[in-house]
Amino acid sequence: MSNPNTDNPPPAAPSDFIRDIVEKHVAEKKYPQIHTRFPPEPNGYLHIGHAKSICLNFGIAHEFDGICNLRMDDTNPAKEDVEYVDSIIEDVNWLIAGWADKNLGLKPKGKTPEAVTSNGKPDFYLPASVGQASSLSPSSKEKVRDRLEACPTLEPFYASDYFDQIYEYAVALIKKGNAYVCDLTPDQTDEYRRNAKESPFRNRTVAENLDLFTRMKNGEFPDGTRTLRAKIDVTAPNIWMRDPLIYRIRHAEHHHTGGKWCIYPMYDFAHCLSDYLEGITHSICTLEFEVHRPLYDWILENLDLPRPLPHQYEFARLSLTYTIMSKRKLMQLVNEKLVTGWDDPRMPTISGIRRRGVTAEALRAFAYNIGITKYNGLTDVAVLEFAIREDLNKRALRRLAVLRPIKVVITNYPEGKTEELDAVNNPEDESAGKRKIPFSRELYIEQDDFKEVPPPKYFRLKPGGEVRLKYAYIIKCDEVVKDATGKILELRCTADLDSKSGGATAARKVKGTIHWVSAAHAVDAEVRLYDRLFTVPEPDKVAAESASAGSSGATGPSGDFKSLLNPHSLEVVTAKCEPSLKDAKPELRYQFERLAYFALDKDSVVGSSRRDDRTAGPAVPTLIFNRTITLKDAWAKEAQKG
RNA sequence: UGCCCGAUGGUGUAACGGUAGCACAGCAGACUCUGAAUCUGUUUGUCAUGGUUCAAAUCCAUGUCGGGCAGCCA
């Protein structure tokens, strides 16, 4: 769980066209219970676009007291892997934890609908129709939950668990004369379909089709030599109704079913039936599947399945500025080591976002804020950044840390003296309490907080100028000490020793307040300063343009989005931190005052296992912070104007 | 090219025949021991043209623009 400090109140449930439909169905009592599903293909890591879908599907289940199944849409063994299955489970659990985890549909490990059959029928996890529901008690919902809770080892649903059923449905379609085995090559199939021409194999007998399909299943034919096609209408204006393929031959090991199958159902055939088998009521997907909906309906209707059938609804996928969402391109970044992995904090993956320090609450608030429509828009990444700052502002512990130090000597402060000053942990949350920070004669301040030649409106430290050291004294810069090259070595300052909190001149107004760290007490930390991964707002668009414009050839045929990577997306510094940061905890969030929000990276070694006993070589920082996001910086904007 | 879908300030969304609202961003100011947060104010919008109607962002028609699909991927 991501529970740093405060539990922010959940945002108000949003309203959108899909929720309107669900609400109407609930009012009509059309279904015994609302049942959605989140069906990723395990061929990559989940990204923030999936987070939108997760929040929609689980949000609906949560708001209407329903269930949302997590289902691996794993019908293509060539592209899928257990690594992705595992990451998907982790990411979904993280995102819904403490929110919709009670609405998560899982199943007993190893069970399939067939495996739990009690009367010869598949045992649906929730009623798939009103007719079947009548045999269930009104508390069917609780039964489902009881069943889930009673089983210690639960797992997500897998489309591949239904391969037996789906196969039987295909046979049923053949027997009805609604499907046939086709021997056309891929190229021929393509050509026939484009030209609305019937396959010469379209009118094979049922017996012949049954025989051929059985032999396909038995592995008698090589990949690509035969397919099973639904017999619909090759002249249909919608391409997907022109006798679509529903099974293809793939002699491949499947990550979940192993070597059991050498034929695999296509998405269109597997998906609607998986929805049906799980008793899904609202099958929500993105816009590109809209043209597939007639096929979705056709399959279920032509199998004469009991009604009401699941229904498909489509919404616009998320696009974000300065971000790419294509799994293929993200994988390219990983494979070519342009980032450190799928969970690199610069990646738009859920795992990357999490590692960066963003909380699940913030991500959910973002998903709620952007809404659900059928319009293909481009959301400003600033909306995400706002959600992150809003969340972190409320929960982050304030700390003093100097990223790029300059030494300051307080010449009128006694050598060897140390004071412990009170500092507030979180001004947004009084219950977070206070801590002590040490003050002494030699300090570090931020390089940015001193200017020998200050620009207009600069109210930090300058020669002869005064500034407040947060929680400590007002100091005045008397002297700038430089080396032969003109590099600043240290600033010599005097403090107004009465200006500390409670002191005689504590109320004196100085325009600037800056952060600092006592040099003798400072703790070093590696700080990874992340920035956006791309330099342009629409990397996909630019890449596409350079690709099409580009017989110039320099950027290559795919449009080289990699040339748009921000070379400054990661900068690593060694920061001087106040000593309390020694005890930083991975589950907490920190604000280094006046700078940014940070979270401990998983590479850190913290607590009692800190490697303080290191003997050889330079000290390797064991404290590693990731910059989640900077504070808003009005001064940067002001300085730019000048 | 065929089929499908969409269009409300800079961006994302709401208004479901009856006052065009919210959020982000921007701008200006107040406050501030974080140039943060908070608070106040504020610029900017119904794709176009017709039609229906007492009344249209909303219904209809046409056009324009944008997106999707045309894998034995999902």
Side-chain angles (χ1 to χ4, degrees), chain A residues 14-17 20 39-41 43 73-76 78-80 159 182 184-186 189-190 193-194 196 223-229 236-242 244-250 263-264 266-268 270-271 285-294 314 316-318 321 327 369-387 389-390 393-394 398 400 423-424 427-428 457-460 467-472 474 499 501 506-515 537 591-597 630-639:
Chain A
S15 159
D16 52 64
F17 77 99
D20 289 348
E41 185 190 15
N43 67 345
D73 205 0
D74 55 352
T75 56
N76 184 0
K79 295 187 172 178
E80 298 155 8
C182 180
L184 254 25
T185 66
T189 308
D190 196 43
R193 202 192 283 159
R194 268 188 223 282
D223 288 5
T225 53
R226 283 190 166 86
T227 59
L228 184 69
R229 299 179 67 176
N238 182 339
I239 300 276
W240 291 105
M241 297 300 270
R242 319 242 265 225
L245 278 57
I246 58 178
Y247 259 94
R248 79 290 215 183
I249 301 171
R250 282 281 173 280
I263 56 171
Y264 291 91
M266 299 287 291
Y267 164 84
D268 286 298
H271 203 90
C285 61
T286 43
L287 250 24
E288 67 269 25
F289 294 101
E290 206 162 17
V291 286
H292 294 241
R293 194 184 339 128
E314 310 87 12
R317 58 162 12 115
L318 172 67
T321 57
K327 270 191 200 175
N369 288 341
I370 56 177
I372 300 293
T373 63
K374 299 188 74 156
Y375 174 72
N376 272 301
L378 177 64
T379 299
D380 193 333
V381 74
V383 179
L384 205 216
E385 294 172 343
F386 171 81
R389 289 193 179 103
E390 187 183 45
N393 177 49
K394 282 181 229 153
R398 271 56 172 180
L400 300 186
V424 173
E428 304 286 325
K457 295 187 191 171
Y458 185 85
F459 44 82
R460 303 175 187 179
V467 81
R468 158 78 66 183
L469 295 178
K470 177 99 182 176
Y471 298 125
I474 294 170
S499 62
S501 285
R508 268 180 63 205
K509 296 291 177 201
V510 281
K511 192 62 181 162
T513 298
I514 64 174
H515 59 278
Q591 183 199 100
F592 294 176
E593 292 214 39
R594 303 206 312 128
L595 297 171
Y597 295 102
T630 60
L631 255 29
K632 273 175 68 175
D633 189 352
W635 167 242
K637 214 174 282 176
E638 182 68 36

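A, B, ... follow the sequence lines: proteins, then strands. Residue 1 opens every chain. The structure displayed is predicted, hence computed values, not measured ones. Values below: every heavy atom of this structure, side chains too, minus hydrogens, waters and symmetry copies.
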**Prompt:** What is the nucleic acid contact for Thr286(A), judged by heavy atoms within less than 4.0 Å: base, sugar-phosphate only, or nothing?
**Reply:** nothing

**Request:** Answer yes or no: is there a donor N or O on one side and an acceptor on the other, between the side chain of Thr321(A) and the main chain of Val381(A), under 3.5 Å?
**Result:** yes

Report all interatomic pairs (protein N or O, nucleotide N or O of nucleotides 61-70 of chain B) with separations under 3.5 Å.
from: G67(B); atom 1: O2'; to: Asn376(A); atom 2: ND2; distance (Å): 2.8
from: C69(B); atom 1: O2'; to: Trp240(A); atom 2: NE1; distance (Å): 2.6

**Message:** Quick check on A74(B): is either OP1 or OP2 less than 4.0 Å from any side-chain nitrogen or oxygen of Arg248(A)?
**Reply:** yes

**Request:** Check every strand shown and say whether Thr373(A) touches a base, only sugar-phosphate, or nothing at a heavy-atom separation below 4.0 Å.
**Result:** sugar-phosphate

**Message:** For Tyr597(A) and Phe592(A), I'd like to know if the aromatic rings sit close, meaning centre-to-centre distance below 6.0 Å.
**Reply:** no

**Message:** For A37(B) and Lys632(A) - does any side-chain N or O of the residue sit under 4.0 Å from the phosphate oxygens OP1/OP2?
**Reply:** yes

**Request:** Extract the stems that RNA chain B is part of, considering only consecutive pairing runs of at least three Watson-Crick or G-U wobble pairs, both distances under 3.5 Å.
**Result:** B:1-7 with B:64-70, B:10-13 with B:21-24, B:26-30 with B:38-42, B:47-51 with B:59-63

**Message:** Measuring to OP1 and OP2 of C72(B), would you say a side-chain N or O of Thr189(A) lies under 4.0 angstrom away?
**Reply:** no

**Asked** Hey, is the side chain of Lys637(A) poking within less than 4.0 Å of OP1 or OP2 on C27(B), counting only N and O atoms?
**Response** yes

**Complete:** Base orientation of G71(B), chi within 90° of 0 counted as syn, else anti, reads syn

**Asked** Reckon Lys327(A) has a side-chain N or O less than 4.0 Å from the OP1 or OP2 of C73(B)?
**Response** no

**Request:** Give the nucleotide from the list C73(B), U13(B), G35(B) with an atom nearest to the side chain of Tyr375(A).
**Result:** U13(B)

